Participant: 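Here's a structure for you.
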Amino acid sequence: MSDVIASDSVFSGEELQMMRTLAELIVPADSQYAVPSAADDEIFAQILSAAQDNEAQIKAALESAAEMVAAADVELTEATPLLQGQRELAPFVTIVLQNYYTDDRVMRSLGKEPRAPFPQGFEVEQGDWSLLAPVQARGKIWRDADD
């Protein structure tokens, strides 16, 4: 559990509620696999701690989400299709997923030992590298830094 208490938060009560609701929408609980949602108290405490380290980005993401939801005149809990793929939310989604997949319960549900990946590492199955062919065929899509 995090050492952060609610009164230490850089986020308002409304922002905290929005973060918790978004976390639930990003990773809902699944009884089939016996995993909690990302809004679970233990997981959310870790999310909140990481979010505080990225306060400006997270506040911008929350503001953007609030504007989209208000413009569509829907409740946040019904806004999943509206919010999917929104680049503005990427920093928050990243924090949610990074912290969700470090939870012991989630790791066990994936058949993994709940431990740090290093120094022992985890075996990764070889995939089908031919799936990258369309990306490689696309060629260079960036500009060099000296341009």
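Values in this document were obtained by computation on a predicted structure and should not be read as measured data. Basis for what follows: all heavy atoms, side chains included, without hydrogens, waters or symmetry-related copies.
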Participant: Does a side-chain heavy-atom distance below 4.5 Å link Val96 with Ile43?
Facilitator: no
Participant: I would like to know whether Trp129 and Leu132 meet side-chain contact (heavy atoms from CB on, under 4.5 Å); could you show each step before the answer?
Facilitator: CA-CA 6 Å; Trp129 285 90; Leu132 292 176; 3.6 Å; yes
Participant: Could you tell me whether a side-chain N or O of Ser31 sits under 3.5 Å from a main-chain N or O of Ala34, the two making a donor and an acceptor?
Facilitator: no
Participant: For residues Met19 and Phe44, report the shortest heavy-atom separation together with the two atoms involved.
Facilitator: C-CE1, 3.7 Å
Participant: Quick one: are Leu62 and Leu22 in side-chain contact, heavy atoms under 4.5 Å?
Facilitator: yes
Participant: Give a yes or no on this: more than 12 heavy atoms of other residues, nucleotides or ligands lie within 6.0 Å of atom CD of Glu14.
Facilitator: no
Participant: Any idea which heavy atoms bring Gln98 and Thr102 closest together, and the distance?
Facilitator: O-CG2, 3.2 Å
Participant: Regarding Thr21 and Gln17, is there a side-chain donor-to-acceptor distance under 3.5 Å anywhere?
Facilitator: yes
Participant: Between Lys112 and Asp104, is there a salt bridge with N-O shorter than 4.0 Å?
Facilitator: no
Participant: Do the non-hydrogen side-chain atoms of Met18 and Leu76 ever get within less than 4.5 Å of each other?
Facilitator: yes
Participant: Spell out, as yes or no, whether a donor-acceptor pair under 3.5 Å connects the side chain of Ser64 to the backbone of Ala60.
Facilitator: no
Participant: Evaluate Glu113 against Arg108 for side-chain contact (heavy atoms from CB on, under 4.5 Å), listing each step before the verdict.
Facilitator: CA-CA 6 Å; Glu113 182 183 347; Arg108 280 190 206 96; over 6 Å; no
Participant: Examine Leu110 and Ile26 and state if one hydrophobic cluster contains both, with Ile, Leu, Val, Met, Phe, Trp and Tyr joined whenever side-chain heavy atoms are less than 4.5 Å apart.
Facilitator: yes
Participant: List the atom of Ile58, the atom of Ala51, and the distance in Å for their closest heavy-atom pair.
Facilitator: CG1-O, 3.8 Å
Participant: May I ask you to test the Arg115-Gln120 pair for a side-chain heavy-atom distance under 4.5 Å?
Facilitator: yes
Participant: How far apart are the closest heavy atoms of Tyr33 and Ser109, and which atoms are they?
Facilitator: O-CB, 3.6 Å
Participant: Of Gln57, Lys59, Gln52, which meets side-chain contact (heavy atoms from CB on, under 4.5 Å) against Glu55?
Facilitator: Lys59
Participant: If you look at every heavy atom in Ala39 and Glu24, which pair is closest and at what distance?
Facilitator: CB-OE1, 3.6 Å
Participant: Does the Asp103 side chain pair with the main chain of Asn99, one donor and one acceptor, at a distance under 3.5 Å?
Facilitator: no
Participant: List the steps, then state whether salt bridge (charged side-chain N to carboxylate O under 4.0 Å, His left out) holds for Asp40 with Arg20.
Facilitator: CA-CA 9 Å; Asp40 173 81; Arg20 190 177 285 272; over 6 Å; no
Participant: Considering all heavy atoms of both residues, which atom of Asn54 and which atom of Ala50 are nearest to each other, and what is their separation?
Facilitator: ND2-O, 3.0 Å
Participant: Verify side-chain contact (heavy atoms from CB on, under 4.5 Å) between Tyr100 and Gln46, making sure each step is shown before the conclusion.
Facilitator: CA-CA 9 Å; Tyr100 184 77; Gln46 297 302 315; over 6 Å; no
